2 protein chains.
Amino acid sequence: MPQRGRPRGFDADEALERAVEVFWRQGYEGASVSDLTEAMGINKPSLYAAFGGKEELFRKAVARYAEKDMGYARDAFAQPTAYEVVATLLRENVVAVTRTDRPAGCLSIQGGTSCSTENAPIAGFLASSRLGGEVALADRLARAVAEGDLPAQADPVALARFVMIVTEGQAVHAAAGVSREDLRQAAEIALAGFAAASGARPPERATDPA
Amino acid sequence: MPQRGRPRGFDADEALERAVEVFWRQGYEGASVSDLTEAMGINKPSLYAAFGGKEELFRKAVARYAEKDMGYARDAFAQPTAYEVVATLLRENVVAVTRTDRPAGCLSIQGGTSCSTENAPIAGFLASSRLGGEVALADRLARAVAEGDLPAQADPVALARFVMIVTEGQAVHAAAGVSREDLRQAAEIALAGFAAASGARPPERATDPA
DNA sequence: TCGGATACGTACCGCTCGGTACAGAATTCG
DNA sequence: CGAATTCTGTACCGAGCGGTACGTATCCGA
């Protein structure tokens, strides 16, 4: 169906991108509609017409965030071994939460770990989307057990939970201004813990060449 | 100096306690003054007279929280070995963030990892108070190195950072509704990582008696 | 060229926000 | 008793909130 009526005077994708950053920096409740429209370069009625309102805009922002800023998770899950999956996840998460061209931390946490009672659904939405990632990781680790990549006694659910806890803590830390290099050290300690607890073997000599 | 004028009609300590819970559950920005006064059982002018305003009340609430709900940290630091310090910290943190008589999670994170620009000082205040705990732990681990309890090549700052990252992640997870038992598993994995990375030796047979 | 459709911009809606003025109630001191 | 002092409750302040009505501008198809 071809276009009818006056064409939109802004790039909706780019506007959404700006909205992501505002929500990321200020949280759902801390980001006012005026903050958003100003950053997006549009007026309130345009926001409403194009995105449906503040809450819908937020959900679309989170979806975009998951696709663009957490895309490394897809690459991580595609790694051949459980060790490499987790190593990629932890290391790339450090990079993601400390990008200089992005707000520090993670939208999924900064967005709102707690909210006023009327906005409680927002916190719940974010929490369940994070737990969704955890389930995906647990599935990937269960596959590793099935394939013999991890020992049979390894607990995929518990291991996935540990890894996600570390990534969340890294995000909180990054939001507080901790540097990428400092977070990298922590990621390596966590990786060692994962290896010790799971029985995963690191690749022979791949990760840190001389 | 004896009392003069009409006596206060409420217990300021108990009122502060209620304020802690409201801020904890709803965050700084999500907790309105009306929410607070309702939970505290007082009127707005009383809140203002007794606590100075919303922001001052929040800072007092955080101070009270640190003293009461994070008291386990003092006990942890008093443990004789680095391993036991970290083990106590991780395990007691799991208990603290999953108390049924308290909101889930941790006020220091729920309070606000990100805020509107005008309330940005609040997020900064919370972040720096968390990092204060990390410095204290690093000092304690440095002492362990000096005492020969940890090997000389152990990095107290990096290890402390790792431990704090895990506690923060546990708090985020707990706020999402993850159970105490599930978090305990993750704490043990983290503890194993700490031991592996630091060279700390667990006590011979103290932790899990048959 | 004109009608239908869509987007834009201004100006506004009711509501809640954090904070306070002020009058009345309760207490101690003289 | 009365005066001084402190707390309580109501009623209110200006400002900003999320959301919208409405007139105008800009496009397409006929």
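As a basis for the values below, the full set of heavy atoms in this structure was taken, side chains included, without hydrogen atoms, waters or symmetry mates. Every chain is numbered from 1, with letters handed out A, B, ... down the list of sequences. Just so it is clear, the model here is predicted, and its values are computed rather than measured.
- A:Ser116 and A:Glu29 are linked by a side-chain donor-acceptor pair at a separation below 3.5 angstrom, with hydrogens and angles left out of the test.
- Residues from residues 52-64 of chain B placing a heavy atom under 4.0 Å of any atom in DNA chain C, listed by number, are B:Lys54.
- In this structure A:Asp139 satisfies the side chain to side chain contact (heavy atoms under 4.5 Å, CB included) test together with A:Val135, sequence neighbours excluded.
- B:Glu118 has its CD atom 14 Å from the P atom of D:dA15, to the nearest Å.
- The backbone N or O of B:Ile42 sits nowhere less than 3.5 Å from a side-chain atom of B:Ser46 that would complete a donor-acceptor pair.
- When the side chain to side chain contact (heavy atoms under 4.5 Å, CB included) test is applied to B:Thr113, the partners found at least two apart in sequence or on another chain are A:Ile109, A:Gln110, B:Ile109.
- Computed from coordinates, the B:Asn119 CG to C:dC17 P distance equals 14 Å when rounded to whole Å.
- Straight-line distance from the OH atom of A:Tyr48 to the P atom of D:dT20: 3 Å, rounded to whole Å.
- Taking the salt bridge (charged side-chain N to carboxylate O under 4.0 Å, His left out) definition, one finds that A:Asp35 meets it with nothing, sequence neighbours left out.
- Within residues 10-46 of chain B, the residues having any heavy atom under 4.0 Å from DNA chain C are, by residue number, B:Ala31, B:Ser32, B:Val33, B:Ser34, B:Lys44, B:Pro45.
- B:Asp149 and B:Arg143 are not joined by a salt bridge, as no carboxylate oxygen comes within less than 4.0 angstrom of a charged side-chain nitrogen.
- Distance, B:Leu47 CG to C:dC17 C1': 14 Å, rounded to whole Å.
- Judged by distance alone, the side chain of A:Arg161 and the main-chain N or O of B:Ala186 form no donor-acceptor pair under 3.5 Å.
- A search for side chain to side chain contact (heavy atoms under 4.5 Å, CB included) contacts involving A:Ala63 returns nothing, not counting sequence neighbours.
- Nearest nucleotide to the A:Arg6 side chain, out of D:dC7, D:dA25, C:dA5: D:dA25.
- Atoms CZ (B:Phe51) and P (D:dT8) sit 11 Å apart, rounded to a whole Å.
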